[in-house]
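Remember, it's 1-based here, ligands and their atoms both numbered in the order they're listed. Numbers for residues simply follow the sequence, beginning at 1. Bear in mind that the values here come from a model prediction, so they are computed numbers and not experimental data.
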Amino acid sequence: MDAPADFRALPSIDHLLKSEAAAPLLDRYGRTLVTDELRATLQDIRAAMRTGGTPPDEAGIFAALLARLEHRDRSNLRPLFNLTGTVLHTNLGRALLAEEAIAAAVDAMREAAALEFDLDSGRRGERDSHLRGLLCELTGAEDATIVNNNAAAVLIALNAVGAGREAIVSRGELIEIGGAFRMPDIMERAGVRLVEVGTTNRTHPKDYRGALRPETALILKVHTSNYRIEGFTAEVPGAELADIAKEAGVALVNDLGSGTLIDLSRFGLKREPTVREAVAEGAGLVTFSGDKLLGGPQAGFIVGRRDLIAEINRNPLKRALRVDKLRIAALEATLKLYRDPDRLAARLPTFRLLSRKECDIRQQAERLAPALATLLAPLGYAVDVCACASQIGSGALPVDTIPSAGLRIAGASGGALETLAARLRALPRPILGRIGDGALILDLRCLLDEAGFLDSLSSGFAPS
Ligand SMILES: *Cc1c(COP(=O)(O)O)cnc(C)c1O
């Protein structure tokens with residue numbers, strides 16, 4: 001055992017911390033973190049020496065230390081390239097915000113703002129007031145209120161309108177959305193008794209009528225946003241449901257999910273019901289998300305009848321589910337963009353990405369393929385341009401895809417693809433694709449920063 005003598009040859013922590021190379025690290029990361037990581041670095045070196053490794057010089061120690069510090073300091077929330085083909089990817093944070101919204105949120109973060117203060121009267125104001133007018137203007141609703149997300153919107157709407165009473169729902173609409181949002185569970189938590197009517201594939205007006213009782217508080221309609229029932233099907237249109245609810249003196253609550261404010265056919269996409277249409281059909285309340293097709297930050301909107309919105313605003317849950325000033329500022333800026341629908345595709349990233357033409361994406365793929373091949377061929381991967389089918393994601397138009405193009409990276413074996421995918425995830429700016437058909441597919445629909453993509457790739461794969 002000659003190891004102890006070798007260990008003594010290593011410089012001490014004290015000595016290393018006082019050396020010139022340590023100064024910029026101490027400045028950047030602070031003494032506590034640098035000392036911790038230096039200790040860990042020396043431990044690694046000793047472990048390597050025990051198995052016969054030679055000790056590095058001081059420059060080598062600092063290189064290892066810097067790598068540890070950078071890794072430790074790296075955020076898992078750092079920006080990444082979403083090349084999965086799903087534009088509104090819930091696990092990747094859904095909508096990218098418009099520059100106008102980002103600027104508004106930054107201003108709201110940095111300075112005091114009249115969040116709950118009325119600058120005209122000098123009296124206390126309301127945080128929803130910044131959005132209410134815009135929401136009414138854009139949806140035709142009488143009134144509006146805002147909560148943390150659409151799940152919260154459904155929860156509070158049901159609780160405010162139906163606690164202790166019954167809600168009628170079609171068996172074809174008892175949805176589960178990712179992340180354990182199950183309509184029957186939400187209804188239970190909201191204190192509403194669920195009355196299921198109809199069958200999975202067919203529900204008729206007489207089913208709803210037959211379930212109405214004095215205990216009925218509302219009829220709930222849920223947009224089947226993440227699946228579609230096809231074949232022998234029947235559902236009751238919103239307008240007819242509104243009539244049934246009205247006759248019975250109960251409220252119709254329509255959970256639209258993604259809820260778009262404009263007709264998507266303008267972007268060459270299939271139509272989804274718009275919020276304005278749902279309001280015009282006569283729903284008492286309509287709920288929808290801020291960060292799905294709307295293209296803003298996470299939020300839940302409830303628009304509809306003034307008396308029902310007032311009931312929601314009086315509910316104690318409202319305080320628990322309220323939205324902060326950052327998001328209100330970003331939402332206001334996002335909603336304002338809808339006043340000029342012609343420029344939406346240019347200003348709102350969600351629509352810019354969804355409306356990108358297949359031929360443009362293919363050209364981009366052809367531009368990038370040679371560079372990618374140069375980096376990956378030495379590792380045994382082949383790169384081709386391929387056709388892709390992008391999805392909107394977050395439950396909008398679940399079975400429709402948008403033609404797109406991308407890069408298909410094929411390796412020697414399945415294991416090699418997993419290794420490559422892991423290396424792409426470990427880049428300073430990670431690249432996320434999708435493994436399928438024996439290849440790693442990078443759908444380029446959401447790639448706007450081509451130079452950044454190439455930089456990130458070459459930083460991790462440059463031939464040494
Ligand atoms: C997405 C969705 C929700 C949940 O909305 P979040 O904003 O994710 O909370 C609820 N209902 C439907 C129909 C949805 O599509």
Side-chain angles (χ1 to χ4, degrees), residues 86-97 131 135 144-159 161 167 169-190 192 194 203 218-229 235 238 241 252-261 264 269-275 277-279 281 283 285-304 312 317-318 320-324 327-328 330-331 334-335 350 391-400:
T86 301
V87 177
L88 297 170
H89 199 302
T90 296
N91 304 143
L92 303 181
R94 293 192 182 160
L96 311 181
L97 299 205
L131 304 173
L135 284 167
T145 189
I146 302 97
V147 287
N148 182 55
N149 57 13
N150 188 39
V154 174
L155 176 73
I156 194 172
L158 292 176
N159 184 262
V161 178
V169 193
S170 161
R171 291 200 170 87
E173 297 177 358
L174 286 172
I175 60 167
E176 172 181 313
I177 303 184
F181 179 92
R182 288 182 154 190
M183 204 41 98
D185 299 341
I186 292 288
M187 295 179 77
E188 192 189 315
R189 288 293 162 136
V192 176
L194 166 64
T203 304
L218 64 115
I219 295 176
L220 176 65
K221 182 172 175 56
V222 187
H223 183 51
T224 55
S225 50
N226 51 4
Y227 67 99
R228 188 176 294 164
I229 298 177
E235 67 168 313
L241 220 45
L252 172 64
V253 177
N254 189 347
D255 174 21
L256 275 187
S258 198
T260 171
L261 292 177
L264 296 178
L269 303 170
K270 266 226 190 96
R271 278 182 53 83
E272 280 258 288
T274 66
V275 179
E277 285 161 5
V279 169
E281 281 170 1
L285 293 172
V286 180
T287 65
F288 55 104
S289 291
D291 56 352
K292 293 184 179 174
L293 276 171
L294 196 131
Q298 180 185 300
F301 296 113
I302 313 172
V303 301
I312 290 171
L317 279 175
K318 178 71 200 298
L321 302 174
R322 76 180 185 189
V323 181
D324 69 301
R327 283 194 281 158
I328 290 178
L331 286 167
T334 304
L335 289 171
T350 298
Q391 291 184 321
I392 297 181
S394 284
L397 300 174
V399 294
D400 293 293

Identify each donor-acceptor pair in which a side-chain atom of residues 291-304 lies under 3.5 Å from a protein atom, sequence neighbours left out, and give them as a table.
from, atom 1, to, atom 2, distance (Å)
D291, OD1, R94, NH1, 3.0
Q298, NE2, N148, O, 3.3
Q298, NE2, N148, OD1, 3.4

Quick one: list whatever passes side-chain contact (heavy atoms from CB on, under 4.5 Å) with A190, sequence neighbours left out.
L155, L158, N159, V192
Within 6.0 Å of CZ in R189, more than 12 heavy atoms from elsewhere
no
Within the heavy-atom cut-off of under 4.0 Å, ligand 1 is lined by R94, N149, N150, A151, I175, I177, F181, H223, S225, D255, G257, S289, K292
Quick one: side-chain contact (heavy atoms from CB on, under 4.5 Å) partners of N91, sequence neighbours excluded?
H89
May I ask you to check whether over 12 heavy atoms, not counting those of R171, lie within 6.0 Å of atom CZ?
yes
Less than 4.0 Å between a side-chain N and a carboxylate O, is that true for E281 and K221?
no
